[in-house]
Participant: 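Quick one: structure below, then a few questions.
Chain letters run A, B, ... following the sequence lines, proteins first, then strands; residues in each count from 1.
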There are 2 protein chains.
Amino acid sequence: MAGKKYAEPTGSELEILQVLWDNGPSTVRLVNEEMNRKREVGYTTTLKLMQIMHAKGLLKRNTDSRTHIYEAVPDRESIQRNLLDNFVDNVFSGSAMQMVMQALGNHRPSVEELGRIKSLIEEMEKKQQ
Amino acid sequence: MAGKKYAEPTGSELEILQVLWDNGPSTVRLVNEEMNRKREVGYTTTLKLMQIMHAKGLLKRNTDSRTHIYEAVPDRESIQRNLLDNFVDNVFSGSAMQMVMQALGNHRPSVEELGRIKSLIEEMEKKQQ
DNA sequence: CAACTTCTACGAAAAAAATCGTAGAAAACC
DNA sequence: GGTTTTCTACGATTTTTTTCGTAGAAGTTG
């Protein structure tokens, strides 16, 4: 089941997960380099975080060669779903609708994007009949 | 200007803001009681947090009587907007669309809610012509 | 093979956030 | 008016998260 409960990743942990989701199984060095495109982080800082995440079960790793290869355990969507649920609870008092409406308002989607959402909605309306 | 000049509130700070937005200007005692409906927090913990928030400019207060009355400075929407922007950046790599689509997927809105979103979208489509 | 680089492990410090305890002033109570 | 409760102030501690430094093993290079 994809509904598994992972401890909420911290901010830095999430950054690492993103890199691994984007790049697939990777070395600490690659992850660290990717992180440094956004902000300065020391190599051993990244290493330590990844070790902690491994201990928590957020990452698995292959230690066959000296340079370990790390991989995200949870999939992106399930973490996004958890974070989104909590976010809606904490910031929008649980109202996903209000959040969606505000997101649409802030973001000013293009006509093409609006179309995509409209299709999704029509899809959902059909299913509800 | 409802611009973004407030430091991101921490988790606890946000909880306090929610209480104040919901209840209007309030005493520490009331805020603390509201917080305790969700989880156990000591009175002086809440007090201290509110004092810190006051120092940061997140709250203003009236000290005319011994029992101070605190009030949120930023309005709910502007904080929600900031938090939402950051959330989309951190969790959905900046793609508000993807976030909205997933939120709709998770939440399974009612027909009535779907209608409301559709109206909003049609509204926006018109404006873009 | 000696010098250099790259890697892991891990303790420990630093930074950020949250919690608590105590003191003393004001108010309420009886 | 003495006792008890309620309030603020604030230092200090605890907890969580992030960062860093060092040591030593394993590779690389010339």
Side-chain angles (χ1 to χ4, degrees), chain A residues 6-20 23 25-71 79 82-83 86-87 90-91, chain B residues 6-20 23 25-71 79 82-83 86-87 90-91:
Chain A
Y6 300 99
E8 285 267 305
T10 67
S12 302
E13 288 175 349
L14 182 61
E15 289 184 272
I16 289 172
L17 286 172
Q18 301 278 15
V19 172
L20 291 172
N23 297 84
S26 309
T27 62
V28 174
R29 179 144 309 273
L30 182 136
V31 171
N32 183 246
E33 272 162 11
E34 285 302 310
M35 302 260 286
N36 273 275
R37 298 162 68 91
K38 289 228 155 194
R39 65 187 178 96
E40 206 182 307
V41 204
Y43 176 83
T44 56
T45 301
T46 303
L47 170 66
K48 177 75 170 187
L49 276 171
M50 291 174 74
Q51 285 169 343
I52 291 170
M53 291 170 76
H54 175 252
K56 284 188 193 172
L58 280 170
L59 303 184
K60 61 187 166 189
R61 66 180 178 182
N62 181 320
T63 58
D64 287 352
S65 73
R66 182 169 76 114
T67 305
H68 300 352
I69 308 290
Y70 286 81
E71 188 177 353
I79 293 291
N82 281 345
L83 290 173
N86 288 335
F87 182 76
N90 297 333
V91 180
Chain B
Y6 302 101
E8 285 265 305
T10 67
S12 302
E13 287 176 348
L14 182 61
E15 290 183 272
I16 289 171
L17 286 172
Q18 301 278 15
V19 172
L20 290 173
N23 297 82
S26 308
T27 62
V28 175
R29 179 141 312 271
L30 183 136
V31 171
N32 183 247
E33 273 162 10
E34 286 302 311
M35 302 259 287
N36 274 276
R37 298 162 68 90
K38 289 230 154 194
R39 65 189 177 93
E40 204 182 307
V41 205
Y43 175 85
T44 56
T45 301
T46 303
L47 171 65
K48 177 76 170 187
L49 276 171
M50 291 175 74
Q51 285 168 343
I52 290 170
M53 292 170 76
H54 176 252
K56 283 188 191 171
L58 279 170
L59 302 184
K60 60 187 166 192
R61 67 178 178 184
N62 181 319
T63 58
D64 286 353
S65 74
R66 183 169 76 115
T67 305
H68 300 352
I69 307 291
Y70 287 81
E71 188 177 353
I79 293 290
N82 281 345
L83 291 172
N86 288 335
F87 183 76
N90 297 333
V91 180

Participant: In residues 10-18 of chain B, which ones come under 4.0 Å of DNA chain C, going by heavy atoms?
Facilitator: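 Of all residues in residues 10-18 of chain B, the ones placing a heavy atom under 4.0 Å from DNA chain C are B:T10, B:G11, B:S12.
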Participant: Taking only residues two or more places apart in sequence, or in another chain, which ones meet A:N62 in a side-chain hydrogen bond (donor to acceptor under 3.5 Å, both in side chains)?
Facilitator: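 By the side-chain hydrogen bond (donor to acceptor under 3.5 Å, both in side chains) rule, A:N62 matches no residue at all.
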Participant: Could you check which residues of residues 45-59 of chain A get a heavy atom under 4.0 Å from DNA chain C? Sort them by number, please.
Facilitator: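 Those residues whose heavy atoms fall under 4.0 Å from DNA chain C, taken from residues 45-59 of chain A in numerical order, are A:L47, A:K48, A:Q51.
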Participant: How would you list, by chain and number, every residue that makes a side-chain hydrogen bond (donor to acceptor under 3.5 Å, both in side chains) with A:N86, sequence neighbours excluded?
Facilitator: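 Expected list: A:E8.
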Participant: To the nearest Å, give me how far apart CD (A:E8) and C1' (D:dT16) are.
Facilitator: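 Result: 14 Å.
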Participant: So do the side chains of B:L83 and B:L14 get within less than 4.5 Å of each other, counting heavy atoms only?
Facilitator: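 Touching, per the 4.5 Å side-chain cut-off.
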Participant: Taking the inter-plane angle between the rings of B:H54 and B:Y70 on a 0 to 90° scale, is it parallel (under 30°), tilted (30 to 60°) or perpendicular (over 60°)?
Facilitator: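 Geometry flag for B:Y70 against B:H54: perpendicular rings.
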Participant: Show the distances under 3.5 angstrom between N or O atoms of the protein and N or O atoms of nucleotides 27-30 of chain C.
Facilitator:
none

Participant: Among residues 34-44 of chain A, which residues get a heavy atom nearer than 4.0 Å to DNA chain D?
Facilitator: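 Result for residues 34-44 of chain A: A:R39, A:G42, A:T44, sorted by number.
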Participant: Which residues pass the side-chain contact (heavy atoms from CB on, under 4.5 Å) test with B:S65, sequence neighbours left out?
Facilitator: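 Per chain and number, B:S65 pairs via side-chain contact (heavy atoms from CB on, under 4.5 Å) with B:T67.
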Participant: Going by side-chain hydrogen bond (donor to acceptor under 3.5 Å, both in side chains), name the residues that satisfy it together with B:R66, two or more places apart in sequence or in a different chain.
Facilitator: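 For B:R66, no residue satisfies side-chain hydrogen bond (donor to acceptor under 3.5 Å, both in side chains) once neighbours in sequence are set aside.
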Participant: Who passes side-chain hydrogen bond (donor to acceptor under 3.5 Å, both in side chains) against B:Q18, sequence neighbours left out?
Facilitator: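 Per chain and number, B:Q18 pairs via side-chain hydrogen bond (donor to acceptor under 3.5 Å, both in side chains) with B:R76.
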Participant: Could you walk me through whether B:I16 and B:M35 pass the side-chain contact (heavy atoms from CB on, under 4.5 Å) test, one step at a time?
Facilitator: CA-CA 8 Å; B:I16 289 171; B:M35 302 259 287; 3.9 Å; yes
Participant: With sequence neighbours left out, write down each residue that passes side-chain contact (heavy atoms from CB on, under 4.5 Å) with A:N23, or none if nothing qualifies.
Facilitator: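 If we apply the side-chain contact (heavy atoms from CB on, under 4.5 Å) test to A:N23, skipping adjacent residues, the hits are A:V19, A:S26, A:L30, A:E34.
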Participant: Which whole-number value in Å describes the distance from A:R29 CZ to C:dT5 P?
Facilitator: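 Distance, rounded to whole Å: 13 Å.
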Participant: List in chain and number order the residues that pass side-chain contact (heavy atoms from CB on, under 4.5 Å) with A:E33, two or more places apart in sequence or in another chain; answer none if no residue qualifies.
Facilitator: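 side-chain contact (heavy atoms from CB on, under 4.5 Å) list for A:E33, sorted by chain: A:R29.
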Participant: May I have the distance from A:N32 (atom CG) to C:dT8 (atom P), rounded to whole angstrom?
Facilitator: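 Between P of C:dT8 and CG of A:N32: 11 Å.
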Participant: Please collect all salt bridge (Lys or Arg N to Asp or Glu O under 4.0 Å) contacts where either partner lies in residues 39-58 of chain A, sequence neighbours excluded, each pair once.
Facilitator: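 Only A:E13-A:K56, A:E15-A:R39 qualify under salt bridge (Lys or Arg N to Asp or Glu O under 4.0 Å).
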